[in-house]
Amino acid sequence: MDVRVEIARQASQELVDAFGRLLPQLSSTADPLGYEAIDRMVTCDATTVLVARTSDEIVGTLTLVLLPLASGLRAHVEDVVVDSVTRCRGVAGLLTQEALQIAREAGARTVDLTSRPDRAAANRLTSVWAFRPGSQRSTASRSTGRIFTNADTQAA
């Protein structure tokens, strides 16, 4: 399957439709995103929305968040989702590889991601990309997830 990864630079009906199809596969409780919400996401200076596409459609997304903190630039990988009919074909890996490259080029000291324990495929991906387990996190809005940090981008 020929898949290319690109940065979503502006909202479009195609992107609204893709999130409408993909977001329920990530979270059964997430509200649908309209054009304005997607526009806010793709135009925010702190986020980079990546899309994986075939010649026919968008088959996956990943959001990279860059946070300038006093301790240095930190990156978080959020909301990685690949369409169920396209899973296990390396799409998540392509999205992750691009996110890590963007974070590295931006000078991020670390790249973290959180994954719920019940997301087996996502948790396998963390080991492929040299993410190592971090601490547990619990928030009021999400179930407890495991935080992983990518050692490749950490400052020495």
Side-chain angles (χ1 to χ4, degrees), residues 1-68 73-108 110-132 141-143 145-154:
M1 173 182 358
D2 186 32
V3 176
R4 70 180 188 279
V5 174
E6 57 192 43
I7 296 173
R9 300 201 184 274
Q10 62 185 32
S12 66
Q13 189 58 50
E14 178 191 32
L15 204 50
V16 171
D17 294 344
F19 272 102
R21 186 172 30 81
L22 296 171
L23 195 54
Q25 297 179 52
L26 176 68
S27 170
S28 61
T29 60
D31 291 330
L33 298 175
Y35 186 90
E36 287 180 9
I38 290 174
D39 185 58
R40 197 169 37 253
M41 250 182 6
V42 299
T43 60
C44 177
D45 289 340
T47 61
T48 301
V49 177
L50 297 176
V51 296
R53 65 169 62 245
T54 65
S55 59
D56 299 325
E57 65 184 342
I58 294 172
V59 296
T61 65
L62 176 153
T63 302
L64 177 69
V65 181
L66 295 173
L67 301 167
L73 186 65
R74 307 296 178 162
H76 293 272
V77 172
E78 298 287 342
D79 297 342
V80 181
V81 60
V82 175
D83 197 349
S84 60
V85 299
T86 313
R87 287 188 194 138
C88 300
R89 297 184 185 172
V91 175
L94 292 172
L95 287 162
T96 303
Q97 181 179 12
E98 184 66 18
L100 291 174
Q101 183 62 34
I102 291 168
R104 193 174 294 116
E105 288 173 1
T110 58
V111 179
D112 296 332
L113 66 88
T114 304
S115 182
R116 293 186 319 266
D118 63 324
R119 297 193 68 216
N123 289 315
R124 281 193 303 274
L125 181 66
T126 61
S127 64
V128 171
W129 288 101
F131 284 90
R132 65 186 199 305
S141 62
R142 282 202 282 205
S143 46
R146 186 80 187 207
I147 297 175
F148 296 90
T149 298
N150 184 276
D152 286 343
T153 59
Q154 284 192 322

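Because only heavy atoms are used, hydrogens play no part in the values below, and waters and symmetry mates are left out as well, while side chains stay in. Throughout, numbering of the chain's residues begins at 1 and tracks the sequence.
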- Message: Going by salt bridge (charged side-chain N to carboxylate O under 4.0 Å, His left out), name the residues that satisfy it together with Glu57, two or more places apart in sequence or in a different chain.
- Response: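 Once residues adjacent in sequence are excluded, the partners of Glu57 under the salt bridge (charged side-chain N to carboxylate O under 4.0 Å, His left out) criterion are Arg21.
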Would you mind reporting whether [Y] and [X] have side-chain heavy atoms less than 4.5 Å apart?
X	Y	value
Val49	Phe19	yes
Leu64	Leu50	no
Val80	Thr61	no
Thr54	Asp2	no
Val42	Leu15	yes
Val51	Val5	no

My understanding is that only residues two or more places apart in sequence, or in another chain, count here; which of them pass side chain to side chain donor-acceptor pair (under 3.5 Å) with [X]?
X	answer
Arg89	none
Gln10	none
Glu14	Arg53

- Could you list all the side chain to side chain donor-acceptor pair (under 3.5 Å) pairs where at least one residue sits in residues 31-50, not counting sequence neighbours?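 Output for this query is empty, none listed.
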Counterpart residues, side chain to side chain contact (heavy atoms under 4.5 Å, CB included), relative to [X] (two or more places apart):
X	value
Gln13	Val16, Asp17
Leu67	Val65, Leu69, His76
Leu23	Leu26, Ala30, Leu33

- Query: Hey, mind stepping through Thr96 and Val77 against side chain to side chain contact (heavy atoms under 4.5 Å, CB included) and telling me if it holds?
  - Reply: CA-CA 8 Å; Thr96 303; Val77 172; 5.6 Å; no
- Just by distance, do the side chain of Gln25 and the backbone of Ser84 share a donor-acceptor pair under 3.5 Å?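 A pair under 3.5 Å: yes.
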- Query: Are a donor atom and an acceptor atom from the side chains of Gln101 and Glu105 found within less than 3.5 Å of each other?
  - Reply: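 Their side chains do contain a donor-acceptor pair, which is all the 3.5 Å distance test asks for.
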- Message: Ignoring hydrogens, what is the shortest heavy-atom contact between Ala103 and Val111? Give both atom names and the distance.
- Response: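 For Ala103 versus Val111, the nearest heavy atoms are CB-CG2, 3.6 Å.
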- Item | Spacing of CG belonging to Leu66 relative to SG belonging to Cys44, to within rounding of 0.5 Å |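 Going from the CG atom of Leu66 to the SG atom of Cys44 covers 10.0 Å.
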- Ile38 CD1 to Ser12 OG distance, which is reported to the nearest 0.5 Å: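 These two atoms lie 7.5 Å from each other.
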